[in-house]
Amino acid sequence: MSPAKLSIDYEKELNEQQLEAVRHIDGPLLVIAGAGSGKTRTLVYRVAFLVENRIKAQNILLLTFTRKAAQEMLRRASTLLDERCSDVAGGTYHSFSYLILRKYADKIGFKRGFTVLDRSDSEDLINLIRADMGLSLKETRFPRKDTLGDIFSKAANCLTDATSILEKQYPQFFHLAEDIEVVRKRYEETKKDDNLMDYDDLLVYLKELLEKNPGTRERLSSLYRYIMVDEYQDTNKIQSSITSLLASGHGNVMAVGDDSQSIYSFRGANFKNIMDFPSLFPGSKIVTIEKNYRSTAPILSLTNEIISFASEKYSKKLRTDIKGGRKPLFVETQDENEQSRFVCYKILELREEGVSLNNMAVLFRAGWHSNDLELELRKFGVPFRKFGGIKFTEASHVKDVLAYLKAFKNPRDAVSWFRILKLIEGIGSKTAQTLHAEIGRKGGIEKIEKRLYSSKNYRSDMEELKKTASFVNDETTRASDAVRTVLDFYREIFMRVYSEDYPKRANDLDSLAVVAERYSSVEEFLTDLTLEPIEKSQAGTTRENDEDEILTLSTVHSAKGLEWHSVFILQLVDGYFPSSYCFEEPEEMEEERRLLYVAATRAKRNLYLVKPGYLNPARNYFGFSYYGTSQVSRFLSEGRILQDFVERISADV
DNA sequence: GTCGAAAATCTTTTT
DNA sequence: GATTTTCGAC
């Protein structure tokens with residue numbers, strides 16, 4: 001490659017290791033980058049560097065953990081260099097797969113307009129099959145739909161069968177393995193027949209497409225000549241196979257990750273994968289970045305200490321040059337509500353000191369851990385946005401509306417048709433089945449014969465439904481108009497079904513219409529919502545008020561890759577964090593430790609660790625608070641952490 | 001066949 | 001403590 005005239009002074013703006021990674025052009029490269037070591041910066045500069053070296057942006061593929069992360073990186077690269085960078089292809093493995101499969105669906109036995117099922121859709125479908133097979137009536141209890149969903153998903157992500165997942169993780173169901181495999185087989189067949197794909201299928205079928213169609217593989221491989229993967233420690237087997245298939249023509253893969261931040265094993269990721277990178281891509285160059293640019297020394301000492309008790313030895317120890325800073329503060333409050341009030345007061349205090357709400361975050365292990373805090377924040381009038389936990393699109397009334405759209409667009413979509421038909425008064429599961437069978441056969445509700453329902457009292461509802469369907473299915477109908485028409489039909493049902501609390505829920509429906517404004521076609525609207533579900537607390541907000549100050553509440557998982565000036569970690573009680581769910585499994589317990597490590601390394605200047613002293617035993621069915629007391633998280637009681645690495649303060653509120 | 005009420009079940013993290 | 005499944009009355 002001829003040396004181009006570069007507009008960015010890379011040597012000045014990057015450290016030695018970052019520079020080494022950025023300047024690497026051809027061949028596999030593994031970058032082990034610790035928390036806060038400028039991982040994103042390295043990726044952004046490398047995009048710019050490649051583009052400056054006359055590599056077309058369209059030939060670069062940037063795979064990240066969320067689509068938001070990809071967009072943010074491309075935005076930064078564009079600011080750094082110029083608009084060329086925004087032509088880089090990027091997104092999550094799932095959204096990328098969707099994009100490809102939409103084009104090549106016919107090569108793997110699907111039709112182009114396939115529907116993507118979200119988790120609960122797929123569970124509903126599993127349940128239909130389960131019920132149909134009469135398995136729920138057996139004397140030994142058969143696993144429920146969510147457990148089955150888990151098992152199937154793990155099997156897909158680990159490239160194995162359900163039986164081996166049962167053996168390892170669900171021994172109590174092992175004797176049902178045969179039946180479970182049959183359910184799985186029928187689940188797979190049904191999806192294929194009805195043109196449906198769940199999240200895992202997007203990956204499964206992309207892999208299949210690449211494996212079985214050398215021509216397509218070569219075409220894609222030569223299009224995406226430079227592949228960059230972020231958060232590689234959280235990719236699983238199927239994703240790494242896809243990566244290596246895509247790279248089969250050139251081997252230009254750059255993977256960035258940190259083994260000590262691996263927190264997604266529940267979806268088949270294994271931090272050891274990152275160590276397999278060099279054997280998957282022979283001739284790999286490895287660069288390690290240990291310099292931290294984010295946190296003060298006392299925060300780093302604590303995080304280094306937390307991870308040092310891990311049973312696995314990780315590849316690096318972080319250093320920082322940021323001088324000064326106070327030790328992380330450890331606060332023990334009386335109960336959960338005092339914890340909430342403490343956080344509120346501290347937040348207001350920090351704001352007084354000039355820290356914007358945008359630079360503060362409250363992190364916790366599970367979505368519901370912030371319930372009490374949310375109430376308190378509302379009382380204090382502190383605006384917040386919550387990430388993680390239940391999604392907006394998971395609320396049942398929102399799912400209803402989406403089910404109308406999905407059903408109209410795909411006459412074979414049994415789950416959606418069942419859902420919406422049963423909403424009509426007088427139609428139960430039997431009638432829904434008959435009607436859906438007819439709709440599937442005729443290829444749309446518009447075409448079914450009137451005599452099927454003409455004598456019934458739901459005749460007029462069916463007629464209305466037909467009209468709604470034909471409006472939505474009109475090619476020229478925009479997403480927002482489709483949503484509004486569905487809402488007109490749904491309103492009456494909505495008020496009947498949610499008669500106790502529909503006024504509260506009504507806002508969500510308006511929000512849905514607002515969200516739909518951004519899309520032109522209904523299909524685009526639907527898949528976007530499934531591939532990138534909207535957080536509950538932001539559904540109603542528009543882009544404009546992004547500039548307002550707002551506090552972030554987030555699960556640790558959703559906080560991955562982000563950073564704030566001041567960070568609070570809540571509920572540091574054994575059983576909450578770590579979750580009592582992992583008490584039996586040493587490996588999962590290790591992941592909880594990494595999770596706390598990820599949480600604590602988000603902080604730049606202030607880190608508050610909060611532990612409520614007493615948790616209401618009624619809420620803790622799982623046995624960690626039998627005596628009405630609660631122990632501090634085991635990760636903090638190790639070694640001399642509480643004595644030497646934090647400063648204890650009183651809650652004082 | 002439908003639909004409300006009582007009983008059983010399990011509590012996490014995400015695309 | 002809330003959701004989901006099953007049961008039994010209409």
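Owing to the predicted nature of the structure, the values given are computational and were not obtained by experimental measurement.
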Please tell me which of the listed nucleotides, [options], lies nearest to the side chain of [X]?
| X | options | result |
| --- | --- | --- |
| A:Arg144 | B:dC10, B:dT2, B:dT14 | B:dC10 |
| A:His557 | B:dT15, B:dT2, B:dT13 | B:dT13 |
| A:Phe266 | B:dC3, B:dT14, B:dT9 | B:dT14 |
| A:Glu425 | B:dT14, B:dT2, B:dC3 | B:dC3 |

Distance in angstrom units between [X] [atom1] and [N] [atom2], rounded:
| X | N | atom1 | atom2 | result |
| --- | --- | --- | --- | --- |
| A:Phe152 | B:dT14 | CZ | C1' | 19 Å |
| A:Tyr458 | B:dG1 | OH | C1' | 9 Å |
| A:Arg593 | B:dT13 | CZ | P | 22 Å |
| A:Asp118 | B:dT14 | CG | P | 14 Å |
| A:Lys145 | C:dT6 | NZ | P | 11 Å |
| A:Glu587 | B:dT13 | CD | C1' | 17 Å |
| A:Ile390 | C:dT3 | CD1 | P | 8 Å |

Checking all strands, does [X] fall into the base, sugar-phosphate, or nothing category for heavy-atom contacts under 4.0 angstrom?
| X | value |
| --- | --- |
| A:Thr530 | nothing |
| A:Asn127 | sugar-phosphate |
| A:Tyr93 | nothing |
| A:Leu595 | nothing |
| A:Ser558 | sugar-phosphate |

*Under 3.5 Å: donor-acceptor pair, side chain of A:Asp201, backbone of A:Asp198*: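 The answer is yes, because a donor-acceptor pair under 3.5 Å joins these two groups.
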*Using a strict 4.0 Å threshold on nitrogen-to-oxygen distance, state whether A:Arg144 and A:Glu123 make a salt bridge.*
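A salt bridge is absent here (no side-chain N lies under 4.0 Å from a carboxylate O).
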*Side-chain ion pair, A:Arg119 and A:Asp146, N-O less than 4.0 Å*: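 No, this pair does not count.
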*In the structure shown, which nucleotide is the Watson-Crick or G-U wobble counterpart of C:dG1, with both distances under 3.5 Å?*
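Across any shown strand, C:dG1 pairs with B:dC10.
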*asked:* Both distances below 3.5 Å, Watson-Crick or wobble geometry, any strand: find the nucleotide opposite B:dT2.
replied: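 Across any shown strand, B:dT2 pairs with C:dA9.
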For [N], take OP1 and OP2 only and decide whether either is under 4.0 Å from a side-chain N or O of [X].
| X | N | result |
| --- | --- | --- |
| A:Thr555 | B:dT12 | no |
| A:Tyr581 | B:dT11 | yes |
| A:Ser579 | B:dT13 | no |
| A:Asn236 | B:dT15 | no |

*Between A:Leu101 and A:Phe114, is any pair of side-chain heavy atoms under 4.5 Å apart?*
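They are in side-chain contact.
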_Output field: ring centroids A:Tyr581/A:Phe583 closer than 6.0 Å_ =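 No, the ring centres sit 6.0 Å or more apart.
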_In this structure, is the centre-to-centre distance between the rings of A:Tyr93 and A:Tyr199 below 6.0 Å?_
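Not under 6.0 Å, so no.
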_I want to confirm an ordering. Mapping A:Arg365 and A:Lys422 to their closest nucleotides on DNA chain B, which one lands closer to the 5' end?_
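On the 5' side of the pair lies A:Lys422.
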*On DNA chain B, check which nucleotide each of A:Ala432 and A:Lys154 is closest to and give me the residue with the more 5' one.*
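Looking at the nearest nucleotide for each, A:Ala432 comes out on the 5' side.
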